[in-house]
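Bear in mind that the values here come from a model prediction, so they are computed numbers and not experimental data.
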Amino acid sequence: MMITGGGRDTELADLAFAGGGLDRAAWLRADPAELAQRQADARVLPLWRGKVLLSAPADPGARALGLVAPDDAMLAGHALMFLGLAPDGRAMFCADISDWEPGPEQPAMPGSFFDPTEQWHPEAPEGCRFGELRGTMTELAAFDAELAATARALVTWHGGHGFCSACGAASEIAQAGWTRICPACGRHHFPRTDPVVIMLVTRGNSLLLGRSPAWPEGMYSCLAGFMEPGETFEAAVRREVAEETGVVVGAVAYVASQPWPFPASLMLGARAEALSEAITIDPVEIEDARWATREELAEVFAGRHPVIRAPRRGAIAGYLMRQWLADRLE
C-alpha cells in the first residue's frame with residue numbers, strides 16, 4: 001500500500017497529491033543560466049492567496065491547471081520559482097501574484113474551511129479562474145495535483161518567512177525559490193514540511209472518529225495531530241489519541257503517507273489498536289468523538305448515515321476508512 005519504485009501504487013490511485021511524476025531536478029536550482037535557457041518553453045502556475053489557476057473543465061468533474069508562459073502579462077514583476085521538470089522534460093515554475101486585488105464583484109471567503117468562490121484575472125487565459133485546491137484535488141490529473149501541491153506549499157512558506165528568524169532582517173529568495181538567505185547575517189532558511197500523524201483507531205468491530213468545531217456539519221474523520229520535537233511516529237499516535245479522546249492505544253503500524261498542502265504538511269497514516277473504549281474529549285482540541293461500527297461505516301459511505309457524512313475522496317482519512325471497511329488493512 002506504499003508508493004514504490006518511482007511509480008504510483010494502484011492501491012493509492014485515489015489519494016490526491018501522492019505522486020504524479022514530477023522530477024524535482026534539484027541540481028537545476030543552483031544553475032541560473034541553465035534555468036534561464038529552459039524558460040523559453042517553460043510553463044508557470046500562478047497562485048493567488050493560496051488558490052491555484054484552473055482551466056475551465058473540459059469534462060464534468062475534470063479540471064486542469066491554468067499554466068501560462070513565463071512572459072505572460074499577469075506575471076509581470078513577480079518572481080518565478082522552479083518546481084521541477086514535467087515527464088516531457090519541460091521546466092515548470094510557479095509565481096505568487098497575491099498582490100493583485102480583484103474587484104468587489106469577485107468576493108472571496110478567506111479563512112473559511114473551504115472557499116467555493118473563484119476569481120478571474122483580466123490577463124488570465126480565457127476560462128481560467130483561481131480556485132481552492134481543496135475542492136478540486138480529485139478533479140486534477142496526478143501530475144497536475146502534485147505540481148499544485150508543491151507550488152502551494154512553497155508559496156505559502158515564502159509568504160510567512162520574509163524575515164530572518166535569527167536577526168530579523170529581510171531575507172531574499174535564492175536557489176530558484178528553494179532557499180531564503182539573510183543578507184545581514186548570512187543565515188540560510190529552507191522550506192519546511194510539518195509531519196502529522198493521522199490514525200485509524202480500531203477496537204474490535206468499531207473505529208474511532210472525531211470532529212473539529214470548525215468543520216462542516218456532519219464531517220467526522222480519523223484523529224490527527226502534529227508530531228512534536230523528539231517524538232517517534234508511534235508515540236505521537238498514542239499521545240494525540242489520548243489527549244483528544246482519553247482512549248489508550250497499544251499497537252501502531254504505518255500504512256501510507258500523503259502530502260497535504262494546507263498549508264504544508266505530510267500526513268503519516270497509521271492503524272492503531274485501542275486498549276480502552278471510554279471517551280473523554282478535550283473540548284479545546286475537538287468538538288465530538290464517537291465509535292462507529294463497520295456496519296455504520298458502510299452506511300456512511302452509502303450516504304445513508306443520519307449523522308456522519310461520507311468523507312471526501314482524495315484525502316488519506318477516507319482512504320484509511322475505505323481500506324478498513326474492505327478489510328484490506330493488515
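Between F262 and W260, the two ring planes are perpendicular [angle over 60°; tilted spans 30° to 60°].
A side-chain hydrogen bond (donor to acceptor under 3.5 Å, both in side chains) with R180 holds for exactly one of H158, H189, Q175, H161; it is H158.
Both L15 and L329 are part of a single hydrophobic cluster, where members link through side-chain heavy atoms under 4.5 Å apart. Tracing side-chain contacts under 4.5 Å through hydrophobic residues (I, L, V, M, F, W, Y), one reaches V307 starting from L325; they form part of the same cluster.
P261 places none of its side-chain heavy atoms less than 4.5 Å from the side chain of T156. Residues V197 and F233 are in side-chain contact: their nearest non-hydrogen atoms beyond the backbone lie under 4.5 Å apart.
Side-chain contact, R203 with S276: no donor N or O sits under 3.5 Å from an acceptor N or O. Residues N205 and E295 have side chains that bring a donor and an acceptor to within less than 3.5 angstrom of each other. A donor-acceptor contact under 3.5 angstrom links the side chains of T117 and K51, judged on distance only.
Within the structure, every pair that satisfies the salt bridge (Lys or Arg N to Asp or Glu O under 4.0 Å) test and touches residues 237-261, not counting sequence neighbours, is listed here: E228-R239, E231-R239, R239-E243. For residues 78-103, the ring-ring contact (aromatic ring centres under 6.0 Å, His included) pairs, not counting sequence neighbours, are W48-W100, F82-F93, W100-H121.
Counting heavy-atom neighbours within 6.0 Å of F113 CZ, excluding the residue itself, gives a total above 12. Atom CD of E217 is surrounded by 12 or fewer heavy atoms from other residues, nucleotides or ligands within 6.0 Å. The number of heavy atoms from other shown groups lying within 6.0 Å of CZ (F163) does not exceed 12.
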Next on the checklist: What verdict does the side chain to side chain contact (heavy atoms under 4.5 Å, CB included) test give for V249 and V201, after you've listed the backbone C-alpha separation in whole Å, the side-chain angles of each residue and the deciding distance to 0.1 Å?
Outcome noted: CA-CA 8 Å; V249 164; V201 181; 4.2 Å; yes

